[in-house]
2 protein chains.
Amino acid sequence: MKTDKLCIRCENCNKRSPLFASLTDDELKLLNDDRHSVLFHEGEVILKQGTRADYLVSIVEGFAKMYIEGIQNRNLILDFVKPWKLMGGPSGMVKEKHRYSVMAIQETLVCFIDMDNLKKVLASNSEFSAQFLIYCSRNYQAALDRLVGISQKQMHGRVADAMIYLSEDIYNSQTIGEEISRQDISEYTAMSKDSAIRVLKEFERDQIVSLHGRQIEVLDSGKLHDIADKG
Amino acid sequence: MKTDKLCIRCENCNKRSPLFASLTDDELKLLNDDRHSVLFHEGEVILKQGTRADYLVSIVEGFAKMYIEGIQNRNLILDFVKPWKLMGGPSGMVKEKHRYSVMAIQETLVCFIDMDNLKKVLASNSEFSAQFLIYCSRNYQAALDRLVGISQKQMHGRVADAMIYLSEDIYNSQTIGEEISRQDISEYTAMSKDSAIRVLKEFERDQIVSLHGRQIEVLDSGKLHDIADKG
DNA sequence: CTAAATGACTGACCTGAGTCAGTCATTATT
DNA sequence: AATAATGACTGACTCAGGTCAGTCATTTAG
């Protein structure tokens, strides 16, 4: 594990996480107590479902997936996460175990922030507390959206959703990188890997995407949105 | 609409909502400004998806369902709610429109609390703010649980989940009341009404439940849990 | 009192989507 | 260089679960 990339002084990098914008220097210092950075390699588990939620986890650099380990070893990917996503907040609030795992998809630098310190800052800074509440609310709403998508759309709609999400929100590009496997797509869309491959191939046949190995290029974003809307 | 049941003085009834326990009398008074109670009849919409989230909604008496109006008029019931459930918080925080509707299943008394007043109290009372955050986190976690249940369990498991939820969490009784229709069960379990009926009938055949009209009596809660766990 | 509407229920049918077995190409191992 | 392992891909088969058409019992409306 390399150390040269680790954040020793966190005051700077904290300021880049929009949520931390409202914190005073003193409050940032408090968060930095017991804070530590760790570099994870591809495939390594950053946060494991079932462990005690003692830390807030912040992605500083890299790329990871957040997933629930469900029934019979089936995973459900909740989100692909990049800087400056925070994780573990909701579980930390209720003093429970983490309800999901996080795994690095690329080399990923992560900061662990002590939950007790977070709570102190939440109690002392009402603006920060309001922002944090907004962040939790957005998580909730995103979960509701996925609930509807997964329960009411069929395969084509769900894959279209995934393509839109990945290209527009995650990659900000027509090209979805090769770090996303077919298996990942199937776990994000709640379907079997074979079915995901099949649908992607149909999209390629219909000139909606083009496939270069793992890399996926969105050719017709309009059609993608149509399919996603219709279900 | 009857008025004799309406809460004119809310200080008392506020104290029964566990979330409000940490509020001072002054803060309660602030919440009670612009607060109003309304009695809804069965089938009436208490809160409509898409309207501005200006109020926090609190169920004071009665029984309602919280549901998302999804694609092609298909609904997804998120929750059956009874006193003292709060709703509309997450949407209110992000100053957006409500992401779900709420409909009275029985005659239901509801309090509307002004969102701006709520925010003032959140800012002034950090203990309340922490409690509110916990409430939002629990909502989020419940949504994650449903996400896994709906995407990874098949019909029998999902209906078993619904029976357990209704009898253990909502009715606190082996008997699920006749205000829950088959359609409601199908919208809670994300399946067609016909399939829900079919599964319930199989459960009856297998002595797991007994059906008396709309009323459902849980006979073998152990078997129900087995089915729910296996998926 | 009759007619229409509603909701539980059932059987027949059909299709969306998972499973399985296997090919091919690429990468890792010895 | 040969072998094993991995992951994308495909076709054939199966089945869970949705749709449809219709019955029956119970309410509601005229």
Side-chain angles (χ1 to χ4, degrees), chain A residues 41-43 65 70-76 105 149-163 176-206 209-217 227 230-231, chain B residues 41-43 65 70-76 105 149-163 176-206 209-217 227 230-231:
Chain A
H41 300 293
E42 185 186 330
K65 59 183 172 185
I71 300 154
Q72 290 164 299
N73 294 323
R74 273 161 56 70
N75 293 337
L76 178 72
I105 290 181
I150 284 180
S151 68
Q152 300 194 341
K153 290 182 186 180
Q154 44 199 50
M155 293 199 299
H156 297 257
R158 300 207 302 274
V159 172
D161 273 337
M163 296 296 101
I176 296 167
E178 55 188 8
E179 44 281 329
I180 308 280
S181 70
R182 300 292 188 257
Q183 180 82 38
D184 288 335
I185 292 171
S186 80
E187 290 180 2
Y188 182 80
T189 52
M191 53 203 272
S192 76
K193 191 186 49 164
D194 295 11
S195 293
I197 291 170
R198 207 160 279 144
V199 173
L200 282 173
K201 279 280 156 188
E202 287 177 45
F203 281 0
E204 187 181 41
R205 218 166 294 147
D206 300 343
V209 302
S210 88
L211 306 173
H212 319 99
R214 281 180 150 195
Q215 209 171 274
I216 300 169
E217 192 187 346
I227 294 169
K230 271 186 310 199
Chain B
H41 299 294
E42 185 185 332
K65 59 183 174 184
I71 301 155
Q72 290 164 302
N73 294 323
R74 273 160 56 69
N75 292 338
L76 179 71
I105 289 181
I150 284 179
S151 68
Q152 301 195 340
K153 289 182 186 179
Q154 43 198 48
M155 293 198 300
H156 297 259
R158 301 207 302 273
V159 172
D161 274 337
M163 296 297 101
I176 296 167
E178 55 188 9
E179 43 280 330
I180 308 281
S181 70
R182 301 293 188 256
Q183 181 82 39
D184 288 335
I185 292 171
S186 81
E187 291 181 3
Y188 183 79
T189 52
M191 54 204 268
S192 76
K193 191 186 52 164
D194 294 12
S195 293
I197 290 170
R198 207 159 280 145
V199 173
L200 282 174
K201 278 283 159 188
E202 288 178 44
F203 281 1
E204 186 180 40
R205 218 164 295 145
D206 300 343
V209 303
S210 87
L211 307 173
H212 319 97
R214 282 180 149 196
Q215 206 171 277
I216 301 169
E217 190 187 348
I227 294 169
K230 271 187 311 200

> Rounded to whole angstroms, how far apart are NZ on Lys193(B) and C1' on dA8(C)?
Replying inline: 7 Å
> Are Ile185(A) and Ile216(A) close enough that some pair of their side-chain heavy atoms sits under 4.5 Å apart?
Replying inline: yes
>> Within the 4.5 Å heavy-atom criterion, are Met191(B) and Val199(B) side-chain neighbours or not?
In response: yes
> To the nearest angstrom, how far is Ile197(A) atom CD1 from dT6(D) atom P?
Replying inline: 16 Å
>> Among residues at least two apart in sequence or on other chains, which ones pass side-chain contact (heavy atoms from CB on, under 4.5 Å) with Glu202(A)?
In response: His156(A), Arg198(A), Arg205(A)
>> If the cut-off is 4.0 Å, is Arg214(A) near the phosphate of dG7(D), judged by side-chain N/O to OP1 or OP2?
In response: no
> When you check every protein heavy atom under 4.0 Å of nucleotides 11-18 of chain D, what one-letter string (B, S, -) results, 5' to 3'?
Replying inline: BB----SB
> Taking DNA chain C as the partner, which of residues 177-189 of chain B come within under 4.0 angstrom of it by heavy atom?
Replying inline: Ser181(B), Arg182(B)
> Heavy-atom distance under 4.5 Å between the side chains of Met163(B) and Ile227(B), does that happen here?
Replying inline: no
>> Based on the rotation axes of five pairs at each end, what angle does the helix from dC1(C)-dG30(D) to dT30(C)-dA1(D) bend through, to 10°?
In response: 30°
>> Output the rounded distance in Å from CG (Leu200(B)) to C1' (dT10(C)).
In response: 14 Å
> Do Arg214(A) side-chain atoms and Ser181(A) backbone N/O form a donor-acceptor pair below 3.5 Å?
Replying inline: no
> Between Lys153(A) and Asp161(A), which heavy-atom pair has the shortest distance, and what is it?
Replying inline: NZ-OD2, 2.8 Å
Strictly under 3.5 Å: I want the nitrogen or oxygen pairs between protein and nucleotides 24-29 of chain D, one per line.
none

> Is a side-chain N or O of Glu178(B) found less than 3.5 angstrom from the main chain of Gly213(B), in a donor-acceptor match?
Replying inline: no
>> If the condition is salt bridge (Lys or Arg N to Asp or Glu O under 4.0 Å), which residues does Glu204(A) pass it with, not counting sequence neighbours?
In response: Lys201(A)
> For the residue pair Gln183(B) and Ser186(B), what are the closest heavy atoms and their distance?
Replying inline: O-OG, 2.8 Å
> What are the two closest heavy atoms between Ile180(B) and Ile176(B), and how far apart are they?
Replying inline: CG1-CG2, 4.0 Å
>> With a 6.0 Å cut-off (strictly less than), is the heavy-atom count around CD of Glu42(A), excluding the residue itself, greater than 12?
In response: no
> Looking only at heavy atoms, which two atoms of Tyr188(A) and Ile150(A) are closest? And how far apart?
Replying inline: O-CD1, 4.4 Å
> In whole Å, what is the span from the CZ atom of Arg205(A) to the P atom of dA8(D)?
Replying inline: 17 Å
> Do you know which two heavy atoms are closest between Ala196(A) and Arg182(A), and how far apart they sit?
Replying inline: CB-O, 4.4 Å
> Nearest-Å distance, CD (Gln152(B)) to P (dA17(C))?
Replying inline: 17 Å
>> Between C1' on dT10(D) and CD on Glu204(A), what's the gap in Å once rounded to a whole number?
In response: 14 Å
